[in-house]
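Here is the structure we will look at.
The first residue of the sequence shown is numbered 1, and numbering continues consecutively from there.
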Amino acid sequence: MTNDAFLADCRARLAFDLLSNTWNAVVLWALRDGPRRPVELRERIGGISSKVLTETLRRLQFNGLVDRLPAPGAPSRVEYRLTTLGRTLLAPIDAVGAWAFEYGDEVMAAQEAACTPAPHSPRPRCRTGEQASADVADS
C-alpha cells in the first residue's frame, strides 16, 4: 500500500465507506450464521426499523455482499444470505468489534471528559468531533 492509499477513488476508502454505515456491519454480522428473513433479522438486531433494514439490505445487495433469495413456502417470502464476498468482511467486522470491546471505555471516557464543564464556565463544553475540529481550525 502506498502513501496515496486513502485518497479519493481508492479501494481502501471504498471499504471504509461500506463499513461506515452503522447498519451495514450489523446486518452482515446478523447474517453470519446463515440465511434470514427480514422479520428474523429485525428480531435478531433490534432497534432497526423495517424501512432502514430494507434500505440496508438493498445497499448490501447492490454492493454484492448479500443475496436476496425466494424462501420456501407460501405466501411468497424472501430471505437474505451473505455472498462469498460478504463473508470476507466478517473478519474485519470482528476485528473492529474486538477493538471496541477493548478500547470502548477509553473512548467513552474521552467523550465524557470533552463534555465536562471547563473551569469558570457556566455550561459544559460538549462538542462532537466535527465541532471540535472546527474549533481547532479556527484558532
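- Here the shortest heavy-atom pairing between Ser50 and Arg42 reads OG-NH1, 3.0 Å.
- Residues Arg32 and Leu90 approach most closely at CB-CD1, 3.8 Å, considering heavy atoms.
- Of all heavy-atom pairs spanning Ile45 and Ala30, the tightest one is CG1-CB, 3.9 Å.
- Put simply, CZ on Arg87 and CG on Leu82 are 5.0 Å apart, with the number rounded to the nearest 0.5 Å.
- No side-chain donor-acceptor contact under 3.5 Å links Asp67 to the backbone of Thr83.
- Among the candidates Val27, Leu69, Leu57, Leu65, the single residue satisfying the side chain to side chain contact (heavy atoms under 4.5 Å, CB included) test with Tyr80 is Leu57.
- Rounding to the nearest 0.5 Å gives a distance of 15.5 Å between CG of Asn21 and CZ of Phe16.
- There is a side-chain donor-acceptor pair under 3.5 Å between Thr56 and Arg59.
- Counting heavy atoms from C-beta on, the side chains of Arg37 and Leu41 never come closer than 4.5 Å.
- Pairing each heavy atom of Ala25 with each of Leu19, the nearest pair is CB-CD2, 4.3 Å.
- Residue Arg36 forms a side chain to side chain contact (heavy atoms under 4.5 Å, CB included) with just one option from Arg44, Glu43, Glu79, and that option is Arg44.
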Test side chain to side chain contact (heavy atoms under 4.5 Å, CB included) applied to Trp23 and Ile48, step by step
CA-CA 8 Å; Trp23 294 113; Ile48 187 170; 3.6 Å; yes
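- Here the side chains of Leu60 and Leu31 are not in contact, with every heavy-atom distance at 4.5 Å or above.
- Put simply, Leu28 and Leu85 are part of the same group of oily side chains (I, L, V, M, F, W, Y) that touch within less than 4.5 Å, one to the next.
- Within a 6.0 Å radius of CZ in Arg58, no more than 12 heavy atoms belonging to other residues, nucleotides or ligands are found.
- Under a hydrophobic clustering in which Ile, Leu, Val, Met, Phe, Trp and Tyr are joined whenever their side-chain heavy atoms come within less than 4.5 Å, directly or via other members, Leu89 and Trp99 fall into different clusters.
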